[in-house]
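Read through the structure below, which is laid out as structure tokens, and then see the notes.
The basis for the numbers below is simple: all heavy atoms, side chains too, and nothing from hydrogens, waters or symmetry mates.
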Amino acid sequence: MDVVVVESPAKAKTINKYLGGGYTVLASYGHVRDLPPKDGSVRPDEDFAMDWESEPRSEKRIRDIADALSGAKHLYLATDPDREGEAISWHVKEMLNQRKLLGGIDVKRIVFHEITRSAVLDALKHPRELDHNLVEAYMARRALDYLVGFTLSPVLWRKLPGARSAGRVQSVALRLICERESEIELFKSREYWTIDADFRTPGGGMVTARLTYLDGNRLDKFDLPAREAAEAAAAKINASSFAVRSVERKQVRRHPPPPFTTSTLQQEASRKLGFGTGRTMQIAQRLYEGVDIEGDTVGLITYMRTDSVQLSREAIEAARGQIGRDYGREYLPAEPRVYKSPAKNAQEAHEAVRPTNFELRPQEIARHLDPDQQKLYELIWKRALASEMESATLDQVAVDIAAADGKTVLRATGSVIQFDGFLKLYHEDEDDPGEDSEAERRLPDMAEGQAMAREAVRPEQHFTQPPPRYSEASLVKRLEELGIGRPSTYASIIQVLQDRNYVKLDKRRFIPHDRGRLVIAFLASYFERYVEYSFTAALEERLDDISGERIDWKTVLRDFWKDFSAAVAGTKELRVRDVLDKLDADLGPHFFPNRVDGTDARKCPSCADGRLGLKLGRHGAFIGCAKYPDCKFTCPLAVMDGTQQAQALEGGKRELGVDPTTGKNVTLRLGPYGLYVQLGATPEKPPKGKRKSKAKDPQQPDPDKPKRVSLPKQIPSDTLDLKQALALLGLPRVVGKHPETQKDITAGIGRFGPYVRHDGVFKSLPPDENVLIVGINRAVDLIATAGKGRRRQPGKELGVHPSDQKPITLHQGRYGPYVAHGRVYASLPRGMAENETTLDTAVALLAARANKGRGQRAAKREAAAAPAVDPAPKPAKKKKEKKLPETAAKPVKKRAVGE
């Protein structure tokens with residue numbers, strides 16, 4: 001019986017069904033051995049000799065394979081069709097050879113890009129030898145990653161406390177994220193204005209146009225920089241009459257995107273489905289290995305780690321046949337579409353990610369898949385099928401509407417899909433659509449010279465936005481554009497960055513932690529070449545050259561190690577203080593930028609004399625004062641923009657002045673719940689054991705306790721002065737009298753924040769409103785809306801109650817549907833649909849609920865009215881006397897601890 005080795009047990013189970021009783025299919029469960037994580041596993045001094053080590057679990061897999069080989073004539077290594085799969089096959093063969101278990105056994109490598117019966121049987125007919133070029137490329141990659149990690153990480157640990165290990169490709173990805181964050185923090189937003197106007201055509205159609213020319217000059221983005229300029233331009237439009245000056249029409253064709261590669265699948269799954277790269281690959285792996293459909297295990301997609309966009313001739317023919325059957329001949333292009341990968345080193349022998357059978361429509365096999373599998377399969381199926389469909393045809397129209405003098409021009413644009421083509425099935429998303437991207441808009445018919453009736457003119461304020469943070473999709477796209485990483489590595493790169501706590505995902509966007517920023521600053525200062533994008537991309541190309549037998553793998557390692565080891569040796573004499581000074585100088589312009597008001601960002605906000613700088617602790621980097629330990633000001637790594645007053649108050653206070661009425665000091669302090677203003681000094685606590693003899697009336701204020709009031713978020717702590725502090729201490733204040741009741745409306749700060757109050761009704765102030773300046777008109781408006789958000793929404797009327805002819809209504813509440821009659825509410829029983837609820841049913845439910853409520857209230861009344869009777873006293877229990885043994889003259893004394 002011949003033996004076939006694959007990677008996963010699911011794959012083994014599927015292939016075993018295809019091959020029948022003449023074969024034993026076993027799984028290696030991924031890699032069976034690797035470089036041990038210790039020094040000396042790769043030895044450059046011995047021409048890069050490498051030690052490999054297997055875990056006990058892997059040893060068991062090899063024993064299982066060895067047992068199955070007893071009496072076998074052939075061993076087929078059928079691991080995945082990529083560099084990693086080739087390496088696994090090589091490791092399996094090497095371990096069996098070391099045990100001398102392959103004597104007389106023919107060992108062959110077979111590959112297939114989809115797990116279907118025909119693909120597997122065809123692969124068995126075309127076995128080959130192991131591709132040692134792919135194996136050597138794998139060994140070179142592992143050696144490089146090992147040498148960087150185990151040589152550079154100890155340097156980081158010694159010179160940069162709190163740092164974790166560094167990776168060859170992960171460090172470059174981290175640099176991308178950190179540089180983008182620096183761009184965002186240093187970005188200065190710029191104001192600009194646009195003007196849109198609505199026009200009515202003679203036929204009654206409405207069109208919106210944007211101002212493009214003013215006073216005969218074309219407007220650039222920032223030509224209307226402020227409200228005054230925008231309002232002046234709007235006034236000119238309002239003072240002019242308009243007519244159509246020109247109408248431009250053109251037809252454009254939009255072509256379908258190619259089928260998925262690994263990276264484009266990860267990007268689109270992130271955009272459309274919200275899947276991370278790792279999650280996408282896990283689901284794709286299961287679709288590739290096969291699912292059970294009508295008793296037969298079927299692989300639904302081709303191999304998912306690929307950088308090729310090509311489809312096989314058979315797949316193209318199958319796709320075109322499916323398009324003709326489902327959508328008609330008009331959706332088929334005259335010639336099949338043949339795609340070529342833009343990637344320089346794409347493996348064109350592989351196929352793109354596609355369904356193995358286009359006839360397995362997503363909706364027809366959905367019941368065999370879990371929801372996430374169904375979503376990803378549908379995405380792959382639609383993308384692959386759409387790639388062979390006809391292009392979409394769009395009619396684009398641009399209309400210039402000019403004033404009578406011809407100096408003021410507004411332009412309206414629109415597009416209409418004339419023929420949807422592939423858009424009928426699939427539309428590709430964007431990572432960060434720009435502000436100019438518009439939805440398709442149809443314009444009414446217009447002709448040159450046609451008079452246009454001007455209606456509303458709308459100046460609109462805008463601010464430029466910083467570049468967006470990287471999402472998983474946009475990071476993978478950028479890495480691919482730079483030529484960094486390969487299809488099988490993107491998910492692991494992103495995962496390692498998160499595992500090492502260098503970055504975090506917030507709202508599906510990457511934000512670097514301070515630890516990550518320090519690591520990149522260190523590497524950029526002392527190992528600049530090795531975090532350069534061009535160097536990392538060039539090294540990836542050399543690894544691909546090894547695969548293509550264009551360069552020897554040890555030559556690549558020697559060239560790399562010569563320069564890298566010299567760079568590491570150059571850091572041996574570095575002191576931590578030197579590294580800190582270097583990082584402080586490099587990161588200083590970022591963390592301590594020049595302020596608009598001219599104040600020094602490095603001036604300590606606590607002691608006002610010290611200079612702020614970068615510090616290192618056991619848990620990483622932070623910003624601290626040079627006057628330590630006299631000044632203990634610290635704060636996390638952040639741009640010092642003047643908002644760090646809270647940290648400056650930690651362990652202390654800020655004097656604001658003296659209250660002229662009481663003569664007491666007014667201070668700003670930091671408590672466990674945030675900043676607050678205090679009038680007077682905090683009394684000293686009495687010594688333990690000494691209590692005040694006289695109990696205080698809880699209704700009377702404590703004369704010894706100083707008055708305190710929380711600082712609202714709307715008032716910046718660094719600009720708080722004595723006048724504002726006294727106003728806060730004077731709260732609550734009378735805002736004015738309510739125009740209807742003539743009762744006072746007051747404003748104050750309570751346990752839930754700032755509020756206004758009238759006649760016992762409270763209403764919280766919105767976050768952007770200041771409790772010290774809110775006026776009477778605004779307060780009346782807020783009081784009028786108090787409690788409205790909690791009112792029951794109108795429901796569906798079922799009819800009137802027979803007892804009082806008042807309506808019974810059906811509502812949808814937060815805990816499910818219910819019926820209401822007056823102040824009686826009854827939930828619908830579980831399983832009862834809303835459309836099945838009749839008036840009679842509702843009356844019965846309400847009656848049962850009312851009776852239940854009456855019973856509970858009556859029981860409470862009876863219990864309250866019952867006379868209080870003292871319970872009969874229980875007889876005292878007699879204490880049993882403990883009898884001593886007859887031999888004992890007196891009780892035995894217990895042993896003390898330690899005796």
Can a cation-pi geometry be assigned to Arg509 and Tyr470, taking NZ or CZ under 6.0 Å from the six-membered ring centre and within 45° of the ring axis? no
With a cut-off of under 6.0 Å to the ring centre and 45° to the axis, is Arg469 in cation-pi contact with Phe510? no
Would a distance-only check, ignoring hydrogens and angles, find a side-chain to backbone donor-acceptor pair under 3.5 Å from [X] to [Y]?
X	Y	answer
Arg180	Pro468	yes
Thr306	Glu351	yes
Asp220	Phe222	no
Thr201	Gly205	yes
Gln465	Phe463	yes
Thr464	Arg190	yes
Arg210	Ala412	no
Arg175	Val531	yes
Ser270	Gln266	no
Asp80	Asp82	no

About how many Å separate [atom2] of [Y] and [atom1] of [X], when rounded to the nearest 0.5 Å?
X	Y	atom1	atom2	answer
Gln267	Lys477	CD	NZ	6.5 Å
Glu330	Met389	CD	CE	9.0 Å
Gln396	Thr413	CD	OG1	8.5 Å
Thr208	Asp196	OG1	CG	7.0 Å
Gln374	Trp381	CD	CH2	11.5 Å
Arg253	Glu390	CZ	CD	5.0 Å

For [X] and [Y], which heavy atoms make the closest approach, and how far apart are they?
X	Y	result
Arg508	Leu505	C-CD2, 3.7 Å
Glu114	Thr302	OE1-CG2, 3.7 Å
Ala392	Leu423	CB-CD1, 3.7 Å
Leu425	Ala386	CD2-N, 3.8 Å
Pro259	Thr264	O-OG1, 4.5 Å
Thr408	Phe242	O-CE2, 4.0 Å

Under 3.5 Å, sequence neighbours excluded: what are the donor-acceptor pairs made by side chains of residues 318-325?
unit_1, atom_1, unit_2, atom_2, d
Arg320, NH1, Pro333, O, 3.2
Arg320, NH2, Pro333, O, 3.1
Gln322, OE1, Arg325, NH2, 2.7
Gln322, NE2, Asp326, OD2, 3.1
Arg325, NH1, Gly321, O, 3.4

Under 30°, 30 to 60°, or over 60°: which ring-plane class applies to Phe260 and Tyr426, parallel, tilted or perpendicular? perpendicular
In terms of ring plane angle, is the pair Phe419 and Tyr331 parallel, tilted or perpendicular, where the classes change at 30° and 60°? tilted
Sub-4.5 Å side-chain heavy-atom contact between [X] and [Y]:
X	Y	value
Thr261	Leu265	no
Thr194	Leu211	no
Asp544	Arg83	yes
Val503	Leu174	yes
Ile283	Arg279	yes
Ile237	Leu410	yes
Asp307	Ser263	no
Leu176	Leu482	yes

Passes side chain to side chain donor-acceptor pair (under 3.5 Å), Arg337 versus Ser391? Steps please. CA-CA 11 Å; Arg337 295 186 183 276; Ser391 301; 2.9 Å; yes
Run the side chain to side chain contact (heavy atoms under 4.5 Å, CB included) check on Ile293 and Leu300 step by step: do they pass? CA-CA 10 Å; Ile293 298 178; Leu300 294 179; 3.9 Å; yes
So Met452 and Met446, side chain to side chain contact (heavy atoms under 4.5 Å, CB included) or not? Walk me through it. CA-CA 9 Å; Met452 302 289 285; Met446 288 174 279; 3.7 Å; yes
Going through the checks in order, is the ring pair (Phe, Tyr, Trp, His ring centres under 6.0 Å) test met by His462 and Tyr192? CA-CA 5 Å; His462 307 273; Tyr192 67 99; 5.0 Å; yes
For Gln461 and Glu191, what are the C-alpha separation, side-chain angles and deciding distance, and is it a side chain to side chain donor-acceptor pair (under 3.5 Å)? CA-CA 7 Å; Gln461 185 185 37; Glu191 181 183 5; 2.8 Å; yes
Residues pairing under salt bridge (charged side-chain N to carboxylate O under 4.0 Å, His left out) where one sits in residues 239-248, two or more places apart or in two chains, turn out to be Glu248-Arg411
With side chain to side chain contact (heavy atoms under 4.5 Å, CB included) as the criterion, how do Lys424 and Tyr327 come out once you've worked through the C-alpha distance, each side chain's angles and the decisive distance to 0.1 Å? CA-CA 9 Å; Lys424 189 177 187 70; Tyr327 300 100; 3.9 Å; yes
State, without any angle test, whether Thr280 and Thr277 hold a side-chain donor-acceptor pair at a distance under 3.5 Å. no
Carefully, step by step, assess Asp395 and Lys250 under the rule salt bridge (Lys or Arg N to Asp or Glu O under 4.0 Å). CA-CA 6 Å; Asp395 289 334; Lys250 62 179 180 179; over 6 Å; no
Between the side chains of Lys236 and Asp215, is the shortest nitrogen-to-carboxylate-oxygen separation below 4.0 Å, so that they form an ion pair? yes
Mind checking salt bridge (charged side-chain N to carboxylate O under 4.0 Å, His left out) for Arg478 and listing every partner two or more places apart, or none if nothing turns up? Glu481
Evaluate the salt bridge (Lys or Arg N to Asp or Glu O under 4.0 Å) criterion for residues Asp370 and Lys375: first the C-alpha distance (whole Å), next the side-chain angles of each, then the deciding distance (0.1 Å), finally the verdict. CA-CA 9 Å; Asp370 66 39; Lys375 290 174 186 176; over 6 Å; no
Derivation of the side chain to side chain contact (heavy atoms under 4.5 Å, CB included) call for Tyr339 and Glu388: CA-CA 10 Å; Tyr339 296 94; Glu388 289 299 320; 4.0 Å; yes
Please check if atom CZ in Arg458 has more than 12 non-hydrogen atoms from other residues, nucleotides or ligands closer than 6.0 Å. yes
